[in-house]
Amino acid sequence: MGHTATDQHAADGRDNAATPPAVTEHRLANGLRVVLSEDRQTPVAAVCLWYDVGSRHEVPGRTGLAHLFEHLMFQGSAQVPGNGHFELVQSAGGSLNGTTSFERTNYFETMPAHELELALWLEADRMGTLLTALDDESMENQRDVVKNERRQRYDNVPYGTAFERLTAMVYPDGHPYHHTPIGSMADLDAASLEDARAFFRTYYAPGNAVLSVVGDLDTERTLAWIEKYFGSIPAHDGKQPPRDGSLPETIGADLREVVEEDVPSRALVAAYRLPHDGTREADAADVALTVLGGGESSRLYNRLVRRDGTAVTAGFGMMRLAGAPSFAFLDVKASGDAEIPAIETAVADELRRFAEDGPTEREMERAQAQLEREWLDRLSTVAGRADEFCRYAVLFGDPKLALTAVDRLLEITAEEVREIAAARLRSDNRAALVYEPTGAADGTEDGDDVKEQL
């Protein structure tokens with residue numbers, strides 16, 4: 001068989017987690033990277049396939065193609081017509097889906113262990129033969145589905161375009177991250193069948209993908225299935241490197257836009273440019289944002305919601321990006337008649353104090369424990385582990401980094417957290433949207449509308 005293998009055992013000394021099983025890496029002759037990890041605790045297996053393509057690879061005038069193609073991949077292939085992929089997986093007792101981001105498109109199934117071969121065959125069939133089934137009818141069908149998704153999640157819901165607006169402000173016109181994966185209506189209308197075919201030929205090649213399988217499996221037998229079904233797919237190396245995503249460390253201005261819409265309440269939504277994912281500085285920023293806005297024990301929630309009563313919700317989050325600067329996003333929904341200037345003053349006060357004094361020892365412990373718990377939650381399921389292996393393989397070249405990611409977070413010091421907050425959570429590194437209601441929004445509750453789109 002056309003593969004090589006190396007074994008790597010990773011140890012995790014935490015009391016609440018057993019030593020993880022071995023992770024083995026392989027590469028087929030056509031370039032497909034494979035990550036396998038046996039876990040016999042439950043009779044299930046997860047298959048995860050990441051393609052190194054997202055909205056950052058799109059060109060102006062054809063935004064939304066990566067997301068459109070995510071939908072087209074469920075529209076049939078040579079041996080699986082129509083909705084057959086969903087039907088076969090679900091009838092076998094499995095679950096499945098796919099998602100698109102700035103930096104990747106992923107597809108995943110969780111199956112009863114004895115149905116693993118079916119999932120591998122299905123993924124290989126559409127990687128190798130989707131073009132034989134891609135026609136005008138499926139193209140038009142999924143174009144309409146994506147346009148409706150845009151209406152339902154972005155255009156016709158309160159605060160729905162906040163994430164898109166902020167992205168366009170943080171990343172200037174012409175930058176590969178300037179537009180979000182959903183794409184524009186005009187570009188979705190303009191995409192042709194030939195555009196889709198060219199996109200598939202370029203990016204859905206074995207050498208542009210990582211396949212991970214985690215769970216109740218036999219490594220040699222699983223590898224034999226992968227060689228059998230994926231090994232005959234021709235290699236293709238026509239992909240061009242993604243456009244340069246580098247930018248200055250800070251925006252260099254306090255960008256501001258007032259949005260008058262039919263929303264339930266006033267809101268302040270803002271973004272701050274942060275270091276690239278995979279750096280110690282990004283981990284420090286994650287800790288800082290957790291202390292400041294990670295839940296109901298955070299500084300901003302205590303100040304705005306509990307003490308001042310000017311907000312019904314207040315939080316900070318982080319969008320980690322590897323090919324461009326990451327960004328922090330602040331989401332505050334005002335309470336009653338509270339005015340945005342008062343909220344902005346309070347936020348600025350909390351950020352100033354944090355930049356001067358940094359987090360307390362107790363805040364550091366709580367934030368790092370929260371981030372560790374989130375990491376453990378992701379790795380507690382075979383599907384979560386498979387996804388993390390793919391993520392670290394595609395974005396950082398080494399799937400085993402997934403097993404030690406939290407160790408790097410726990411090494412961050414309070415002074416590093418203070419320094420990154422002082423350097424980045426500043427008024428000259430901010431893009432802000434101020435929402436002013438024009439009337440009552442119908443039937444929508446306050447909530448993390450921006451975060452749900454990440």
Side-chain angles (χ1 to χ4, degrees), residues 30-32 49-86 97-107 122-151 154-155 164 173-210 230 232-245 323 394:
N30 58 14
L32 178 68
L49 187 58
W50 271 45
Y51 291 92
D52 186 9
V53 59
S55 57
R56 70 167 171 161
H57 297 89
E58 297 164 350
V59 298
R62 289 298 181 269
T63 65
L65 260 180
H67 181 227
L68 176 62
F69 223 96
E70 172 211 319
H71 286 258
L72 290 172
M73 284 284 277
F74 289 100
Q75 281 294 288
S77 48
Q79 301 178 76
V80 186
N83 200 40
H85 195 112
F86 268 101
N97 213 330
T99 67
T100 311
S101 76
F102 291 100
E103 299 182 322
R104 59 98 185 104
T105 308
N106 67 341
Y107 303 90
L122 285 167
E123 287 294 358
D125 194 57
R126 60 182 176 181
M127 177 190 281
T129 70
L130 185 100
L131 283 186
T132 65
L134 183 58
D135 56 22
D136 286 317
E137 181 180 357
S138 58
M139 181 80 174
E140 291 307 312
N141 176 279
Q142 292 308 303
R143 191 201 312 269
D144 288 342
V145 169
V146 172
K147 289 168 68 175
N148 281 332
E149 180 180 339
R150 180 181 172 92
R151 294 184 189 99
Y154 289 75
D155 297 336
E164 188 174 43
D173 191 22
H175 190 273
Y177 292 69
H178 179 70
H179 68 280
T180 57
I182 193 67
S184 73
M185 285 291 196
D187 287 358
L188 287 169
D189 283 333
S192 68
L193 181 61
E194 187 47 47
D195 288 331
R197 287 173 172 161
F199 193 87
F200 179 84
R201 285 191 291 266
T202 301
Y203 295 108
Y204 280 76
N208 198 46
V210 172
F230 289 89
S232 61
I233 299 173
H236 180 69
D237 58 0
K239 176 184 174 183
Q240 296 298 310
R243 289 177 291 144
D244 182 17
V394 169

Audit row: Met139, Leu68, side chain to side chain contact (heavy atoms under 4.5 Å, CB included) steps and yes/no: CA-CA 9 Å; Met139 181 80 174; Leu68 176 62; 3.9 Å; yes
Pair Met73-Tyr51, side chain to side chain contact (heavy atoms under 4.5 Å, CB included): steps then yes or no: CA-CA 12 Å; Met73 284 284 277; Tyr51 291 92; 4.0 Å; yes
Val53 and Phe199: CA distance, side-chain angles, deciding distance, side chain to side chain contact (heavy atoms under 4.5 Å, CB included) verdict: CA-CA 10 Å; Val53 59; Phe199 193 87; 3.4 Å; yes
CA sep, side-chain torsions, deciding dist, call: His57, Thr202, side chain to side chain contact (heavy atoms under 4.5 Å, CB included): CA-CA 11 Å; His57 297 89; Thr202 301; over 6 Å; no
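Closest approach of Ala133 and Gly76 over heavy atoms only: CB-O, 3.5 Å. Heavy atoms only, all atoms of each residue included: Ala209 and Met127 are closest at CB-CE, 4.1 Å. Taking both residues in full, the closest heavy atoms of Leu131 and Arg201 are given as CD1-CG, 3.6 Å, listed atom of the first, atom of the second, then distance. Residues Phe102 and His179 come closest through the heavy atom pair CE2-O, 3.4 Å. What you find for Ala196 and Leu72 is that their closest heavy atoms are CB-CD1, 4.2 Å. Between Asp125 and Ala78 the shortest heavy-atom distance is OD2-N, 3.6 Å.
With Arg143 contributing its side chain and Ala191 its backbone, the two residues share a donor-acceptor pair below 3.5 Å. For the pair His85 (side chain) and Val80 (backbone), a donor-acceptor distance under 3.5 Å is absent. Checking side-chain atoms of Asp187 against main-chain N and O of Ala190 turns up no donor-acceptor pair under 3.5 Å. The closest donor-acceptor contact from the side chain of Ser55 to the backbone of Thr180 lies at 3.5 Å or more, if one exists at all. A distance-only check finds no donor-acceptor pair linking the side chain of His67 to the backbone of Gly64 [under 3.5 Å]. Side chain of Arg150 to backbone of Asp155: no donor-acceptor contact under 3.5 angstrom is found. For the pair Arg197 (side chain) and Leu134 (backbone), a donor-acceptor distance under 3.5 Å is present. Remark: side-chain polar atoms of Asn30 are not paired, donor with acceptor, to backbone N or O of Pro206 under 3.5 angstrom.
For the pair Phe69/Leu130, a side-chain contact is recorded, criterion being any heavy-atom separation below 4.5 Å from C-beta on. No side-chain heavy atom of Gln79 sits less than 4.5 Å from a side-chain heavy atom of Thr129. Here the side chains of Phe230 and Glu123 are in contact, with some heavy-atom distance below 4.5 Å.
Defined by atom type and a distance below 3.5 Å, a donor-acceptor pair is present between the side-chain atoms of Thr99 and Arg104.
Note on residues 49-70: pairs passing salt bridge (Lys or Arg N to Asp or Glu O under 4.0 Å), not counting sequence neighbours, are Asp52-Arg56, Asp52-Lys239, Arg62-Asp195.
Annotation for Asp189: atom CG counts as buried by contact number, over 12 foreign heavy atoms lying within 6.0 Å. At most 12 non-hydrogen atoms from other residues, nucleotides or ligands lie less than 6.0 angstrom from CD of Glu137.
The CG atom of Asn141 sits 5.0 Å away from atom CD of Gln75, with the distance rounded to the nearest 0.5 Å. In this structure, Thr105 OG1 and Asn208 CG are separated by 9.5 Å, a value rounded to the nearest 0.5 Å.
With sequence neighbours left out, Tyr107 forms a side-chain hydrogen bond (donor to acceptor under 3.5 Å, both in side chains) with Tyr204. Here Ser101 pairs with nothing under the side-chain hydrogen bond (donor to acceptor under 3.5 Å, both in side chains) rule; sequence neighbours left out.
Geometrically, Arg126 engages Phe74 in a cation-pi contact defined by less than 6.0 Å to the ring centre and at most 45° from the axis.
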